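To keep things clear, I will list the structure first and then write my remarks on it.
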Amino acid sequence: MSRAVKEQESLVRKNTDGGITTLTLSQPERHNSLSMAMLEALSVELDSIAADADTRVVVIAAQGKVFCAGHDLREIREQFGDADFQLALFNQCSKVMQQIIMLPKPVIARVAGVATAAGCQLVASCDLAVAASSARFATPGVNIGLFCSTPMVALSRNVSRKHAMEMLLTGEMVSAERAEQIGLVNRVVEESQLDETVYRIARTIADKSGHTLKVGKEAFYRQLEMPLNEAYAFTSNVMAENLKANDAQEGICAFLDKRKPDWTDS
């Protein structure tokens, strides 16, 4: 095993059980910051999962008391004079966030602790998010003179414009309860119930047809950016094509026959 592979595995731990793959950010001493190395490790794992037939749902978790503190400011300071690195860093982060959106499997963020800046972006980029009641969220770049412009993309696609602007302009922390109210997370539970809740949702999703989940997730994000009439035309075609799938026909027959469907993911 190469040194680079070992480093990637030490930054992001991967575990698959019952069709659910958990990616755990594992650099708590650096607050699980999205350094270039961490982003590259995440990218490699997401590429691998995209082609992994055994994975049906992905959970993104973190080790330690901080979910993710955003970009590694120490690394950024060390590279103040390297404009190429700076652009490459933000491009790599944008790539990872888009990988999550384009991944043909649902992704759930398991949030315990603080998620700030690009860490908040990571939560917003996941399809679902479950937070411990003690979790907190912020896009505090404005406080240090570096506006959270790339986190803004994911944030503004999850919460209303005024709520997004409030977070971006004030940089203030938002409680887990408030994050649920504005739509940044789906559910808030006591930390002792976090794993049970996250993996119950993951198991519920994992029991569905993988083909259907792939079709539905892709269509969801594509139609979001379309005018209403185009969205309906597009999704009408998606449903007609979906109906040709073995799993759609099996699912309908199973429902009518009052039996459990036998998915083939095709």
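Because the structure is predicted, anything quoted here is derived from the model rather than measured.
To the nearest 0.5 Å, atom CZ of residue Arg200 and atom CD1 of residue Ile205 are 11.5 Å apart. To the nearest 0.5 Å, the span separating CG on Leu89 from OG on Ser35 amounts to 8.5 Å. We find the OG1-CG distance between Thr22 and Asn15 to be 6.0 Å, quoted to the nearest 0.5 Å. To the nearest 0.5 Å, atom CD of residue Glu250 and atom CH2 of residue Trp263 are 7.0 Å apart. The structure places CG of Asp17 at 9.0 Å from CZ of Arg203, a figure rounded to the nearest 0.5 Å. With rounding to the nearest 0.5 angstrom, the OG atom of Ser209 is 11.0 Å from the CG atom of Asp262.
Looking at heavy atoms from C-beta onward, Val238 lies in side-chain contact with Val215 at the 4.5 angstrom threshold. Using a 4.5 Å heavy-atom threshold, the side chains of Val142 and Leu169 count as separate. Cys68 places a side-chain heavy atom less than 4.5 Å from the side chain of Leu25. Within the 4.5 Å cutoff, the side chain of Lys105 has no heavy atoms near those of the Ile100 side chain. Taking the side chain as every heavy atom from C-beta outward, Pro261 and Asp247 never approach each other to under 4.5 Å. Side-chain contact between Arg136 and Val174 is absent, with no heavy-atom pair separated by less than 4.5 Å. In this structure the side chain of Met173 never reaches within 4.5 angstrom of the side chain of Phe137, judged on heavy atoms. Counting only heavy atoms from C-beta outward, the side chains of Leu42 and Leu34 approach each other to under 4.5 Å.
Atom CE of Met226 has more than 12 heavy atoms from other residues, nucleotides or ligands within 6.0 Å. Remark: Lys214 NZ is loosely packed, at most 12 non-hydrogen atoms of other residues, nucleotides or ligands lying under 6.0 Å away. A 6.0 Å sphere centred on CG of Asp257 holds more than 12 heavy atoms belonging to other residues, nucleotides or ligands. A 6.0 Å sphere centred on CZ of Arg74 holds no more than 12 heavy atoms belonging to other residues, nucleotides or ligands. Open room surrounds CE on Met165; 12 or fewer heavy atoms of other groups in view lie less than 6.0 Å from it. Heavy atoms of other residues, nucleotides or ligands lying less than 6.0 angstrom from OH of Tyr232 number 12 at most. Taking a 6.0 Å sphere around CZ of Arg259, one finds it holds more than 12 heavy atoms contributed by other residues, nucleotides or ligands.
Under the side-chain hydrogen bond (donor to acceptor under 3.5 Å, both in side chains) criterion, Gln27 pairs with no residue, sequence neighbours left out. In this structure Ala69 satisfies the side chain to side chain contact (heavy atoms under 4.5 Å, CB included) test together with His31, Ser33, Val66, Thr116, sequence neighbours excluded. Taking Phe90 as the reference, His71 meet the ring pair (Phe, Tyr, Trp, His ring centres under 6.0 Å) condition, with sequence neighbours excluded.
Across Ile101 and Lys217, no two heavy atoms sit closer than the pair O-CE, 3.1 Å. Closest approach of Gly119 and Phe67 over heavy atoms only: O-CE2, 4.1 Å. Between Gln223 and Thr235, the shortest heavy-atom contact is CB-CG2, 4.1 Å. Across Ser26 and Met38, no two heavy atoms sit closer than the pair N-CE, 4.3 Å. Between Ser43 and Val96 the shortest heavy-atom distance is CB-CG2, 4.0 Å. Considering all non-hydrogen atoms of both residues, Ala245 and Ser266 come closest at CB-O, 3.8 Å.
At least one donor-acceptor pair under 3.5 Å links the side chain of Thr139 to the backbone N or O of Met167. With Gln121 contributing its side chain and Leu155 its backbone, the two residues share no donor-acceptor pair below 3.5 Å.
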Full working for side-chain contact (heavy atoms from CB on, under 4.5 Å) between Val107 and Leu128 = CA-CA 6 Å; Val107 182; Leu128 302 175; over 6 Å; no

task = Report the C-alpha distance between Tyr221 and Asp127 in whole Å, list the side-chain angles of each, state the deciding distance to 0.1 Å, and finish with yes or no for side-chain contact (heavy atoms from CB on, under 4.5 Å).
result = CA-CA 10 Å; Tyr221 288 109; Asp127 304 305; 2.5 Å; yes

query = Please walk me through it: do Arg13 and Leu23 pass side-chain contact (heavy atoms from CB on, under 4.5 Å)?
reply = CA-CA 6 Å; Arg13 296 202 321 269; Leu23 299 179; over 6 Å; no

task = Report the C-alpha separation of Asn32 and Gln63 in whole Å, then their side-chain angles, then the decisive distance to 0.1 Å, and conclude whether the side chain to side chain donor-acceptor pair (under 3.5 Å) test is met.
result = CA-CA 8 Å; Asn32 297 312; Gln63 182 182 350; over 6 Å; no

task = Begin from the C-alpha positions of Val58 and Ile49 and carry the test side-chain contact (heavy atoms from CB on, under 4.5 Å) through to its verdict.
result = CA-CA 8 Å; Val58 178; Ile49 288 169; 3.6 Å; yes

ask   = Does the pair Arg157 and Glu225 meet the rule for a salt bridge (charged side-chain N to carboxylate O under 4.0 Å, His left out), with working shown?
value = CA-CA 10 Å; Arg157 282 162 169 75; Glu225 307 303 322; 3.7 Å; yes

Tell me which donor-acceptor pairs under 3.5 Å the side chains of residues 180-187 have, and how far apart each pair is, sequence neighbours excluded?
residue : atom : partner : partner atom : Å
Gln181  : OE1  : Arg178  : NH1          : 3.3
Asn186  : OD1  : Ala129  : N            : 2.7

What donor-acceptor contacts under 3.5 angstrom involve side-chain atoms of residues 147-154, with partners at least two apart or in another chain?
none

Only pairs under 3.5 Å count here: list side-chain donor-acceptor contacts from residues 76-85, not counting sequence neighbours, and write none if there are none.
residue : atom : partner : partner atom : Å
Asp82   : OD1  : Asp84   : N            : 3.2
Asp82   : OD1  : Phe85   : N            : 3.0

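Remark: the Ser48 side chain and the Lys14 side chain contain an N/O donor-acceptor pair separated by less than 3.5 Å. A donor-acceptor pair shorter than 3.5 Å cannot be found between the side chains of Glu177 and Ser133.
Put simply, Val123 and Leu103 are part of the same group of oily side chains (I, L, V, M, F, W, Y) that touch within less than 4.5 Å, one to the next. In the hydrophobic cluster analysis, where Ile, Leu, Val, Met, Phe, Trp and Tyr join through side-chain heavy atoms closer than 4.5 angstrom, Val188 is grouped apart from Val130. Under a hydrophobic-cluster definition in which Ile, Leu, Val, Met, Phe, Trp and Tyr are linked whenever side-chain heavy atoms come within less than 4.5 Å, directly or via other members, Leu168 and Leu122 are assigned to the same cluster. Grouping the Ile, Leu, Val, Met, Phe, Trp and Tyr side chains by contacts below 4.5 angstrom, directly or via other members, places Val111 apart from Ile201. Ile20 and Leu46 end up in different hydrophobic clusters when Ile, Leu, Val, Met, Phe, Trp and Tyr side chains are linked at under 4.5 Å.
Ionic pairing of Lys162 and Glu166 is not present here: no N-O contact between side-chain nitrogen and carboxylate oxygen is shorter than 4.0 angstrom.
Each of His211, Arg56, Lys208 was checked for a side chain to side chain donor-acceptor pair (under 3.5 Å) with Asp265, and the lone residue meeting it is Arg56. Partner of Thr16 under the side chain to side chain donor-acceptor pair (under 3.5 Å) criterion, out of Asp52, Asp54, Thr21: Thr21 alone.
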